[in-house]
Participant: 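Sharing a structure below in structure tokens format, with a few things to ask.
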Amino acid sequence: MRAARFFIDAPLASQTRIELPTHVAHHAVRVLRLRHGDPLVLFNGTGGEFPSQLAIDGQRVFASILEFDAVERESPLSITLVQAWIATDKLDWVIEKSVELGVHSIILAPTQRSIVRLAEDRLAKRIERLREIIITACAQCGRNRIPHIEAKSTFSTALQAALNDNAVGLLIQPKAQLPLARVQLTSGHAALAVGPEGGFDDAELALAHRVGYHFYSLGPRILRTETAGITALATLQHLAGDLA
Ligand code: SAH
């Protein structure tokens with residue numbers, strides 16, 4: 001079986017020994033039942049990973065870091081997902097799956113038809129929870145770079161923030177004429193806007209058009225928002241050669 005992977009929020013170096021933080025030690029020893037000498041892999045989100053060995057010393061749990069492996073598992077296409085706020089369980093799912101599908105970053109945007117609106121204090125907690133989901137997904141799927149997530153206070157700022165690095169702006173919408181599967185990716189960066197359960201309203205579509213987004217469809221059926229985002233990501237990654 002593949003060695004279990006753990007995120008460590010600290011600098012790491014080969015040929016050193018570090019004590020595992022309590023929650024990581026608990027997961028390794030109590031949940032996964034790893035034993036002294038078992039292989040594990042550490043990563044800290046800055047790229048590459050560290051094959052290591054578990055060392056249990058009484059109550060304390062360490063990792064002996066053996067080496068650094070600069071392996072990259074990122075897509076050649078850097079995609080920023082502009083996701084309208086949607087119901088909590090759906091958003092959790094979208095975030096997890098978009099990380100598996102190699103999303104580069106995620107910007108959450110309020111839209112007219114978003115049913116979720118969070119006050120400032122709850123927002124920070126919610127983003128923290130989504131960040132945990134992202135890290136767990138990275139550990140599971142082998143990513144060594146952690147997608148960034150943030151929430152913008154308006155749809156307009158979210159759309160524009162995602163267009164940096166000359167990204168092509170793509171908005172998916174059932175009525176669009178062009179299929180996303182035919183998009184010409186003229187840049188290594190793409191911004192992908194996905195609507196909430198009730199879709200974008202006309203003013204939002206007009207705004208997106210004004211700031212430079214082009215509209216694409218995902219075929220003849222209306223997909224639920226969570227299906228739509230994941231399908232769009234998989235389509236773009238396929239076009240970019242990332243699923244090969
Ligand atoms: N009645 C709404 C449907 C919303 S579906 C409308 O007409 O817009 C929720 C979101 O999923 C949409 O805003 C869109 O971003 C995406 N979506 C769903 N089905 C799609 C399709 N066939 N093509 C493109 N986008 C789609």
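Counting starts at 1 for both ligands and their atoms, following the listed order.
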Participant: Please could you name the atoms of ligand 1 that Pro196 approaches to less than 4.0 Å, counting only its heavy atoms?
Facilitator: 9 (C), 10 (C)
Participant: Knowing that exactly one of Arg224, Arg113, Lys90 qualifies, which makes a side-chain contact (heavy atoms from CB on, under 4.5 Å) with Glu197?
Facilitator: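 Answer to the side-chain contact (heavy atoms from CB on, under 4.5 Å) test with Glu197 among Arg224, Arg113, Lys90: Lys90.
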Participant: Considering heavy atoms of the protein only, find what lies nearest to atom 3 (C) of ligand 1 and give residue, atom and distance to 0.1 Å.
Facilitator: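 Nearest protein contact, heavy atoms only, for atom 3 (C) of ligand 1 is Ile222 CG2, 3.9 Å.
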Participant: Could you tell me, atom by atom, which parts of ligand 1 come under 4.0 Å of a heavy atom of Tyr216?
Facilitator: 24 (C)
Participant: Assess whether salt bridge (Lys or Arg N to Asp or Glu O under 4.0 Å) is satisfied between Lys125 and Glu128, documenting all intermediate values.
Facilitator: CA-CA 5 Å; Lys125 280 214 185 79; Glu128 202 33 56; over 6 Å; no
Participant: Do His36 side-chain atoms and Ile56 backbone N/O form a donor-acceptor pair below 3.5 Å?
Facilitator: yes
Participant: When you look for heavy atoms under 4.0 Å from ligand 1, do you find them on the side chain of Pro174, its backbone, both, or neither?
Facilitator: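 The answer is both.
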Participant: Could Lys97 and Glu100 be called an ion pair, given the rule that one side-chain N must be under 4.0 Å from one carboxylate O?
Facilitator: yes
Participant: Between Ser75 and Gln237, is there a side-chain donor-acceptor contact under 3.5 Å, judged purely by atom types and distance?
Facilitator: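 Yes.
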Participant: If you measure from each non-hydrogen atom of Lys175 to ligand 1, which part falls under 4.0 Å: side chain, backbone, both or neither?
Facilitator: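 No part of Lys175 comes within reach of ligand 1.
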Participant: Any idea which atoms of ligand 1 are less than 4.0 Å away from a heavy-atom of Arg221?
Facilitator: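 Every atom of ligand 1 under 4.0 Å from some heavy atom of Arg221: 21 (C), 22 (N).
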Participant: Any salt bridge linking Arg126 with Asp92? Criterion: basic side-chain nitrogen under 4.0 Å from a carboxylate oxygen.
Facilitator: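 Salt bridge: yes.
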Participant: Tell me, which protein residue and heavy-atom name are nearest atom 23 (N) of ligand 1, and how many Å apart are they?
Facilitator: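 Protein heavy atom with the smallest distance to atom 23 (N) of ligand 1: Leu218 N, 2.8 Å.
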Participant: So does Arg145 pair up with Glu72, basic N to acidic O under 4.0 Å?
Facilitator: yes
Participant: For Tyr213, which of Leu159, Leu170, Ile172 qualifies under side-chain contact (heavy atoms from CB on, under 4.5 Å)?
Facilitator: Leu159
Participant: Using non-hydrogen atoms of the residue, decide whether Pro220 is closer than 4.0 angstrom to ligand 1.
Facilitator: no
Participant: Checking contacts here: is it the side chain or the backbone of Ala232 that comes within 4.0 Å of ligand 1, counting heavy atoms only? Could be both or neither.
Facilitator: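 It is neither; nothing of Ala232 touches ligand 1.
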Participant: Using a 4.0 Å cut-off to any heavy atom of Gln173, which atoms of ligand 1 qualify?
Facilitator: 23 (N), 24 (C), 25 (N)
Participant: Would you kindly say whether Asn144 and Glu49 are connected by a side-chain donor-acceptor distance under 3.5 Å?
Facilitator: yes
Participant: To check your reading of the model: name the closest protein heavy atom to atom 14 (C) of ligand 1, its residue, and the distance in Å.
Facilitator: Ile172 O, 3.2 Å
Participant: Which option wins on minimum heavy-atom distance to atom 8 (O) of ligand 1: Ala228, Gly219, Gly199?
Facilitator: Gly199
Participant: Which of the numbered atoms in ligand 1 are under 4.0 angstrom from any heavy atom belonging to Ser217?
Facilitator: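 Contacts of ligand 1 toward Ser217, numbered from 1: 23 (N), 24 (C).
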Participant: For atom 18 (C) of ligand 1, what is the nearest protein heavy atom, given as residue, atom name and distance?
Facilitator: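 That would be Leu223 O, 3.0 Å.
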Participant: Report yes or no: does a heavy atom of Gly198 sit under 4.0 Å from some atom of ligand 1?
Facilitator: yes
Participant: Would a line drawn from the ring center of Phe50 to the ring center of Phe43 be shorter than 6.0 Å?
Facilitator: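 Judged by ring-centre distance (under 6.0 Å), Phe50 and Phe43 do not meet the cut-off.
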